[in-house]
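All residue numbers in this chain count up from 1 along the given sequence.
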Amino acid sequence: MERDSTAGGAEDLLLEDKVSKLRAGSLHKHELAEAMEVEQEGLVEHQPLEQDDLNFEKWKPKPKPKRTLHEKIDDIKTYLWNAETKEFMGRSGKSWSLILLFYSALYIFLAAMFAGCMCCLMWSISPYAPTYNDRVMPPGMTMFPHVDVAHGFDDIAFNASDRSSWRKYAKALEAHLKPYDDGVQDRRNINCEGNTYFKQDDLEESAERKACQFKRSWLGECSGLKDRDFGYSKGKPCILVKMNRILGYLPGQGTPVNVTCGVKKGSTEGLGEVNFFPENIFNLRYYPYYGKLRHVNYSSPLVAVRFPSVQYDTQLHIQCKLNGKGIINDSPTDRFLGSVSFTLVVGA
């Protein structure tokens with residue numbers, strides 16, 4: 001028995017030795033194969049390109065065959081309605097339904113949000129007066145006739161003997177003075193006296209405010225009642241100036257604001273005398289202004305300026321200015337704040 005076991009053990013040892021040698025040999029063959037593959041790849045990389053590989057024409061994309069008009073029309077029809085897949089413009093009915101539902105909900109939401117914001121805004125502000133009015137600029141000045149503007153000036157140039165040259169100025173003045181007709185003012189506004197502010201703050205916010213009359217006849221020679229040409233046919237032109245409206249503004253701080261006119265550039269001899277109608281001030285009884293909704297029939301006070309002795313064929317650069325407490329008429333950034341400038345040329 002011992003001999004058999006000894007013999008069996010020897011056979012096992014021999015078998016294990018043979019297996020280990022075989023494994024070593026197979027591993028060696030595997031490593032050798034890998035090395036040969038790497039060497040082969042290196043040879044391939046360094047192998048010169050054949051002439052067929054240098055033919056780049058074969059690599060260019062082949063031109064697509066031209067499609068006939070009939071084929072294109074068929075493609076469009078298929079795109080619009082595919083009978084096989086039951087799709088319209090590439091989408092099924094369910095897909096189109098979901099898209100329409102999504103965008104309908106989106107735009108309904110946006111519209112509701114916009115409406116809500118507008119409601120909140122309108123609820124928070126007053127239609128009669130600004131919610132915040134911390135800083136009110138001094139008033140500007142407006143001139144009539146306001147016909148042409150060039151280089152910052154209104155150009156008034158005409159010949160007294162040529163009706164067509166000044167007719168546009170007379171028509172502009174007549175149109176502006178229509179609401180100031182005496183009959184219109186008697187019907188719409190009340191007769192006020194004195195030279196103090198006409199405050200009506202004790203009324204309800206929405207209540208209509210009364211306005212003082214300003215009659216056209218008060219403008220005398222520049223009213224257009226006696227002289228329908230406003231002096232232009234005689235070489236003695238008239239202009240109208242007024243302060244711009246500012247809600248709640250009290251000009252002059254208790255003292256009427258006055259108007260002066262003079263030559264801005266050049267000699268003053270060509271201008272001569274200057275007349276003002278009804279006077280050269282803006283009466284305080286026309287202030288404060290309460291806005292269009294409450295001051296429905298409000299008529300801004302006017303000052304008519306007449307130049308009766310202008311030198312003919314002389315170009316005059318004239319400036320009319322507001323003067324008073326709190327008035328700015330020499331701003332370096334806004335030359336029309338509290339003043340108005342124009343060029344006047346009167347020919348025979």
What heavy-atom pair brings [X] and [Y] nearest, and what distance separates the two atoms?
{"X": "Leu293", "Y": "Pro127", "value": "CD1-O, 3.2 Å"}
{"X": "Val310", "Y": "Leu344", "value": "CG2-CD2, 4.0 Å"}
{"X": "Pro256", "Y": "Phe282", "value": "CB-O, 3.8 Å"}
{"X": "Asn189", "Y": "Ala211", "value": "CB-O, 3.0 Å"}
{"X": "Pro278", "Y": "Leu302", "value": "CD-O, 3.9 Å"}
{"X": "Ala172", "Y": "Pro145", "value": "CB-CB, 3.8 Å"}

Establish, from distance only, whether the side-chain atoms of [X] and [Y] form a donor-acceptor pair under 3.5 Å.
{"X": "Arg245", "Y": "Ser300", "answer": "yes"}
{"X": "Asp201", "Y": "Tyr290", "answer": "yes"}
{"X": "Ser299", "Y": "Gln185", "answer": "yes"}

Shared hydrophobic cluster, [X] / [Y] (ILVMFWY, side-chain heavy atoms < 4.5 Å):
{"X": "Tyr289", "Y": "Tyr128", "answer": "no"}
{"X": "Val184", "Y": "Tyr298", "answer": "no"}
{"X": "Leu225", "Y": "Phe230", "answer": "no"}
{"X": "Val345", "Y": "Phe342", "answer": "no"}
{"X": "Leu173", "Y": "Phe277", "answer": "no"}

* Fit a plane to each ring of Tyr169 and Tyr232, take the angle between them on a 0 to 90° scale, and name the class: parallel (under 30°), tilted (30 to 60°) or perpendicular (over 60°). =>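 Ring orientation, 0 to 90° scale: parallel.
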* **For Thr333, all residues meeting side-chain hydrogen bond (donor to acceptor under 3.5 Å, both in side chains), sequence neighbours excluded** =>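 Partners of Thr333 by the side-chain hydrogen bond (donor to acceptor under 3.5 Å, both in side chains) criterion, ordered by chain and then number, come out as Ser331.
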Inter-residue atom distance [X].[atom1] - [Y].[atom2], 0.5 Å rounding:
{"X": "Thr260", "Y": "Lys321", "atom1": "OG1", "atom2": "NZ", "answer": "5.5 Å"}
{"X": "Asn283", "Y": "Tyr286", "atom1": "CG", "atom2": "OH", "answer": "6.0 Å"}
{"X": "Cys222", "Y": "Lys236", "atom1": "SG", "atom2": "NZ", "answer": "11.5 Å"}
{"X": "Met141", "Y": "Cys320", "atom1": "CE", "atom2": "SG", "answer": "5.5 Å"}
{"X": "Thr343", "Y": "Asp155", "atom1": "OG1", "atom2": "CG", "answer": "5.0 Å"}

State, with a plain yes or no, whether a side-chain heavy atom of [X] is found less than 4.5 Å away from one of [Y].
{"X": "Pro237", "Y": "Arg306", "answer": "no"}
{"X": "Leu322", "Y": "Asn258", "answer": "no"}
{"X": "Arg216", "Y": "Asp182", "answer": "yes"}
{"X": "Leu240", "Y": "Leu219", "answer": "yes"}
{"X": "Cys261", "Y": "Val241", "answer": "no"}
{"X": "Leu80", "Y": "Met89", "answer": "yes"}
{"X": "Leu337", "Y": "Asn329", "answer": "no"}
{"X": "Leu271", "Y": "Ile318", "answer": "yes"}

Heavy-atom donor-acceptor pair, [X] side chain to [Y] backbone, under 3.5 Å:
{"X": "Trp166", "Y": "Ala160", "result": "yes"}
{"X": "Gln200", "Y": "Arg209", "result": "no"}
{"X": "Asp229", "Y": "Ser233", "result": "no"}
{"X": "His295", "Y": "Lys210", "result": "yes"}
{"X": "Arg228", "Y": "Gly224", "result": "yes"}
{"X": "Arg285", "Y": "Asn195", "result": "no"}
{"X": "Asn159", "Y": "Ser161", "result": "no"}
{"X": "Gln319", "Y": "Ser339", "result": "no"}

With [X] via salt bridge (charged side-chain N to carboxylate O under 4.0 Å, His left out) - residues at least two apart:
{"X": "Asp74", "result": "none"}
{"X": "Asp186", "result": "Lys215"}
{"X": "Arg67", "result": "Asp75"}
{"X": "Arg294", "result": "none"}

* What pairs of residues pass the side-chain hydrogen bond (donor to acceptor under 3.5 Å, both in side chains) test when at least one of them lies in residues 88-97, not counting sequence neighbours? ->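 Qualifying pairs: Arg91-Ser95.
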* Does anything in residues 269-281 pair up under side-chain hydrogen bond (donor to acceptor under 3.5 Å, both in side chains), and if so which pairs, sequence neighbours excluded? ->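 Matches after skipping sequence neighbours: Glu273-Asn275.
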* To do: Decide yes or no on ring pair (Phe, Tyr, Trp, His ring centres under 6.0 Å) for Tyr249 and Tyr287, but give the supporting numbers first.
  => CA-CA 7 Å; Tyr249 182 65; Tyr287 305 97; 7.7 Å; no
* If you group Ile, Leu, Val, Met, Phe, Trp and Tyr whenever their side-chain heavy atoms sit less than 4.5 Å apart, what else falls in with Ile281? ->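 For Ile281, no cluster forms, as it stays isolated from other hydrophobic side chains.
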* To do: Check which hydrophobic residues are tied to Ile73 through side-chain heavy-atom contacts below 4.5 Å, counting indirect links as well, and list them.
  =>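 Besides Ile73, the hydrophobic cluster comprises Leu69, listed by chain and residue number.
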* Do Asn297 and Glu208 pass the side chain to side chain contact (heavy atoms under 4.5 Å, CB included) test, and can you show the C-alpha distance, the side-chain angles, and the key distance before you say yes or no? -> CA-CA 10 Å; Asn297 297 319; Glu208 183 178 340; 4.2 Å; yes
* To do: Under the side-chain hydrogen bond (donor to acceptor under 3.5 Å, both in side chains) rule, what do Ser164 and Asp162 come out as? Steps first, then yes or no, please.
  => CA-CA 6 Å; Ser164 61; Asp162 184 4; 2.7 Å; yes
* **Step-by-step side-chain hydrogen bond (donor to acceptor under 3.5 Å, both in side chains) determination, Glu205 to Ser126** => CA-CA 9 Å; Glu205 185 182 31; Ser126 170; 2.8 Å; yes
* Asked: Is there any ring-ring contact (aromatic ring centres under 6.0 Å, His included) pair reaching into residues 174-207, and which pairs are they, with sequence neighbours excluded?
  ->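 Listed by first then second residue: Phe144-His176, Tyr180-Phe214.
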Name the atoms and distances for all side-chain donor-acceptor pairs under 3.5 Å in residues 100-119, with sequence neighbours left out.
| unit_1 | atom_1 | unit_2 | atom_2 | d |
| --- | --- | --- | --- | --- |
| Ser104 | OG | Leu100 | O | 2.6 |

* Please list, chain by chain and in numerical order, all residues satisfying side chain to side chain contact (heavy atoms under 4.5 Å, CB included) with Glu204, sequence neighbours excluded. =>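 Applying side chain to side chain contact (heavy atoms under 4.5 Å, CB included) to Glu204 gives Ser206, Ala207.
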